[in-house]
Amino acid sequence: MKRLKHLDCNSNLLETIPPELAGMESLELLYLRRNKLRFLPEFPSCRLLKELHVGENQIEMLGAEHLKHLNSILVLDLRDNKLKSVPDEITVLQSLERLDLSNNDISSLPCSLGNLHLKFLALEGNPLRTIRREIINKGTQEVLKYLRSKIKDDGPSQDSVTETAMTLPSESRVNMHAIVALKILDYSDKQAPFIPDEVFDAVKNNIITSVNFSKNQLCEIPKRIIELKEMVSDVNLSFNKLSFISLELCMLQKLTFLDLRNNFLSSLPEEMKLLIRLQTINLSFNRFKMLPEVLYHISTLETILISNNQVGSLDALKMKMMENLSTLDLQNNDLLQIPPELGNCVNLRTLLLDGNPFRVPRATILMKGTAAILEYLRDRIPT
């Protein structure tokens, strides 16, 4: 099958991948989630491979030999494995944009990881000791910046030189280097009440896959964001003053990651179900009193982060229909009881419930982790 581009082997009992697979030289997308793999397969001839999904396996080690052939890889999903470390050689993946390492046993990260141009790095559910929790909570770019700061480097970094050279005087407020080289439209940390037109004008004919408007004073989402609907997959609007979600955001049909942390949101519009590719949504530190109804209808969702709100209820029966949901963070909310039927959501790999006023399950059960919580809840379902 020399021309095959997309191969989906999710949810089987595969323990190994035959070396012949490497002969599929046109392969671009390979899904091997939910199998029994113990090693990352090697693909010496798959030079066009862009996405490799090997989450929910039993992979214990990642070595240079597993990475050296992945020249074109954009997405590497290693969530829910048994990795204890990430090798320095991860830097050979110069095209990598998304790296999901959540729910492994990783205690430290190589500083060289900071040199990758990642747009998304997931680290939840790891016993990381070398990076403070507050840095991780600030998101991908802050983590990378922190790792870079740990690299002893005397000379100026190449990035800063390029950036200065490419920032024209007339566009001094717009980071052209980020637009051209990294495909990011970045206007963050400006404390601005609106996004100037020149920011959108600067995109011109460039392809943009990420938008970062975090840490401003936005009360509404800029209407011109709709101009990016054919291409943008990652939007960060965290740390603003949003109290509602506009229809324009719901039209971003390629959106997979949406960060709305630290706003004034108390509801989400029904039109958000148009986001048919959305995988991760971060709604932490808002004003939600219940899990927004529309989330139950976005079947692609894998991660819902809604800690530090006032959520008092959730619908466990509707949640069971969310077959892709594997991470649900409900910490520091107002849940007085946990519906026992939540125990039937067996696809959940990470369920975080600390900091709620419910009496059961007790803290001793919570400390045992997600599998123990779900089992406890299942045992309490009335028969």
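In what follows, every heavy atom counts, from backbone to side chain, and hydrogens, waters and symmetry copies are set aside. Nothing fancy with the numbering, it's 1 onward along the sequence. Everything numeric here is computed off the predicted structure, so don't read it as measured data.
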**Request:** Spell out, as yes or no, whether a donor-acceptor pair under 3.5 Å connects the side chain of N344 to the backbone of L342.
**Result:** no
**Request:** Go through the steps to decide whether I304 and T327 satisfy the test side-chain contact (heavy atoms from CB on, under 4.5 Å), and finish with yes or no.
**Result:** CA-CA 6 Å; I304 298 175; T327 299; over 6 Å; no
**Request:** Give the intermediate values and the outcome of side-chain contact (heavy atoms from CB on, under 4.5 Å) for residues L295 and L301.
**Result:** CA-CA 8 Å; L295 295 184; L301 271 175; 3.9 Å; yes
**Message:** Whether R47 and E25 form a salt bridge (side-chain N of Lys/Arg under 4.0 Å from carboxylate O of Asp/Glu) is what I want to check.
**Reply:** no
**Prompt:** So, the side chain of D186 versus the backbone of I184: is there a donor-acceptor pair under 3.5 Å, distance only?
**Reply:** no
**Request:** Ignoring hydrogens and angles, tell me if any N or O in the side chain of H66 forms a donor-acceptor pair with the backbone of G63 under 3.5 Å.
**Result:** yes
**Request:** Locate the shortest heavy-atom distance separating C46 from L21; write the atom from each residue and the value.
**Result:** SG-O, 3.8 Å
**Request:** Check F244 against L265 and note the closest heavy-atom contact, atom names and distance.
**Result:** N-CD2, 3.5 Å
**Message:** Looking at K215, I'd like to know if its NZ atom is crowded, meaning that more than 12 non-hydrogen atoms belonging to other residues, nucleotides or ligands lie closer than 6.0 Å.
**Reply:** yes
**Request:** Look at the side-chain heavy atoms of Ile, Leu, Val, Met, Phe, Trp and Tyr, link any pair under 4.5 Å apart, and say whether L67 and L118 land in one connected group.
**Result:** yes
**Fill in**
What one should report as the nearest heavy-atom pair of V54 and N81 is O-ND2, 3.0 Å
**Request:** Show your reasoning for whether side-chain contact (heavy atoms from CB on, under 4.5 Å) applies to L325 and N347.
**Result:** CA-CA 7 Å; L325 189 67; N347 290 327; over 6 Å; no
**Message:** Are there over 12 heavy-atom neighbours, none belonging to E60, within less than 6.0 Å of that residue's CD?
**Reply:** yes
**Message:** Using modelled atom types and a 3.5 Å cut-off, is there a donor and acceptor pairing between side-chain atoms of D329 and backbone atoms of Q331?
**Reply:** yes
**Prompt:** Going from CD1 on I136 to CG on L123, what distance comes out if it is rounded to the nearest 0.5 angstrom?
**Reply:** 5.5 Å
**Message:** With rounding to the nearest 0.5 angstrom, report the CG to CZ distance, L128 to R133.
**Reply:** 7.5 Å
**Message:** Would K254 and E230 count as a salt bridge (Lys or Arg N to Asp or Glu O under 4.0 Å) here? Give the steps.
**Reply:** CA-CA 7 Å; K254 299 211 167 154; E230 301 289 340; 5.4 Å; no
**Request:** State the NZ-CD1 distance between K368 and I373, to the nearest 0.5 angstrom.
**Result:** 11.0 Å
**Asked** Shared ILVMFWY cluster between V92 and L109, side chains joined below 4.5 angstrom?
**Response** yes
**Message:** Cation-pi check for F264 against R287: NZ or CZ below 6.0 Å from the six-membered ring centre and within 45 degrees of the axis, yes or no?
**Reply:** yes
**Asked** Hey, is K320 close enough to E323 for a salt bridge, meaning N to O under 4.0 Å?
**Response** no
**K50 side, atom NZ; N71 side, atom CG - distance, nearest 0.5 Å** = 11.5 Å
**Request:** Indicate if F239 and I306 have the same hydrophobic cluster label, given that clusters are the connected sets of ILVMFWY residues with side-chain heavy-atom separations under 4.5 angstrom.
**Result:** no
**Asked** Which of these passes side chain to side chain contact (heavy atoms under 4.5 Å, CB included) with L78: N103, L62, D100?
**Response** L62
**Message:** Using a 3.5 Å distance criterion without hydrogens, assess whether the side chain of N324 forms a donor-acceptor pair with backbone atoms of E302.
**Reply:** no
**N-O pairing of K119 and E97 below 4.0 Å** = yes
**Prompt:** Salt-bridged, K36 to E56, with N to O below 4.0 Å?
**Reply:** no
**Message:** Assess, by modelled atom type and distance only, whether the side chains of N263 and N240 contain a donor and an acceptor separated by less than 3.5 Å.
**Reply:** no
**Prompt:** What orientation do H6 and Y31 show, parallel under 30°, tilted 30 to 60°, or perpendicular over 60°?
**Reply:** tilted
**Request:** Check for a donor-acceptor pair, side chain of D105 on one end and backbone N or O of S107 on the other, with a separation under 3.5 Å.
**Result:** no
**Complete:** In this structure, CG of N126 is separated from NZ of K84 (nearest 0.5 Å) by 11.5 Å
**Asked** Is a salt bridge present between R224 and E227, judged by a nitrogen-to-oxygen distance below 4.0 Å?
**Response** yes
**Between T16 and R38, a side-chain donor and acceptor under 3.5 Å** = no
**Asked** Where the side chain of N206 meets the backbone of K204, is there a donor-acceptor pair that is under 3.5 Å apart?
**Response** no
**Message:** I'd like to know if D334 and K289 make a salt bridge, using a cut-off of under 4.0 Å between side-chain N and carboxylate O.
**Reply:** no
**Inter-residue atom distance M251.CE - L249.CG, 0.5 Å rounding** = 11.0 Å
**Request:** Applying side-chain hydrogen bond (donor to acceptor under 3.5 Å, both in side chains), run through S307 and S284 and close with a yes or a no.
**Result:** CA-CA 5 Å; S307 66; S284 302; 3.1 Å; yes
**Message:** Tell me whether D259 contacts the main-chain N or O of S238 through its side chain, where contact means a donor paired with an acceptor under 3.5 Å.
**Reply:** no
**Asked** Going by atom types alone, do Q217 and K241 pair a side-chain donor with an acceptor below 3.5 Å?
**Response** yes
**Item:** Derivation and outcome, salt bridge (Lys or Arg N to Asp or Glu O under 4.0 Å), residues E293 and K318
**Value:** CA-CA 9 Å; E293 178 70 23; K318 287 181 182 168; 2.7 Å; yes
**Prompt:** Can S112 and T91 be counted as having a side-chain donor-acceptor contact under 3.5 angstrom?
**Reply:** no
**Asked** Can you name the nearest heavy-atom pair linking V199 to L185, along with the distance?
**Response** O-CD1, 3.5 Å
**Message:** Quick check: closest heavy atoms across I131 and Y146, and the distance to 0.1 Å?
**Reply:** CG1-CE2, 3.9 Å
**Prompt:** When you check the gap from the basic side-chain N to the acidic O, do D77 and R79 get nearer than 4.0 Å?
**Reply:** no
**Request:** Before giving the answer on salt bridge (Lys or Arg N to Asp or Glu O under 4.0 Å), spell out for D234 and R98 the whole-Å C-alpha distance, their side-chain angles and the decisive distance to 0.1 Å.
**Result:** CA-CA 10 Å; D234 192 335; R98 303 185 180 284; 3.6 Å; yes
**Prompt:** Are I281 and M322 in one and the same hydrophobic cluster, where Ile, Leu, Val, Met, Phe, Trp and Tyr link if side-chain heavy atoms are under 4.5 Å apart?
**Reply:** yes
**Prompt:** Would a hydrophobic clustering, with Ile, Leu, Val, Met, Phe, Trp and Tyr connected at side-chain separations under 4.5 Å, put L278 with L242?
**Reply:** yes
**Message:** Assess the residue pair R349 and E124 against the criterion (salt bridge (Lys or Arg N to Asp or Glu O under 4.0 Å)); give the C-alpha distance rounded to whole Å, side-chain angles, the decisive distance to 0.1 Å, and a yes or no.
**Reply:** CA-CA 11 Å; R349 306 295 283 263; E124 298 109 29; over 6 Å; no
**Prompt:** Would F288 and Q310 count as a side-chain contact (heavy atoms from CB on, under 4.5 Å) if you check the C-alpha gap in whole Å, the side-chain angles of each, and the deciding distance to 0.1 Å?
**Reply:** CA-CA 6 Å; F288 292 98; Q310 296 137 42; over 6 Å; no
**Prompt:** Under the 3.5 angstrom rule, does the side chain of N12 hit a backbone N or O of N35 as a donor-acceptor pair?
**Reply:** no
**Prompt:** Are N308 and N332 close enough that a side-chain donor and a side-chain acceptor fall under 3.5 Å?
**Reply:** yes
**Prompt:** Is N262 reaching over with its side chain to a backbone N or O of N286, donor-acceptor style, under 3.5 angstrom?
**Reply:** no
**Shortest non-hydrogen separation from F257 to L255 and the atoms involved** = O-CD1, 3.7 Å
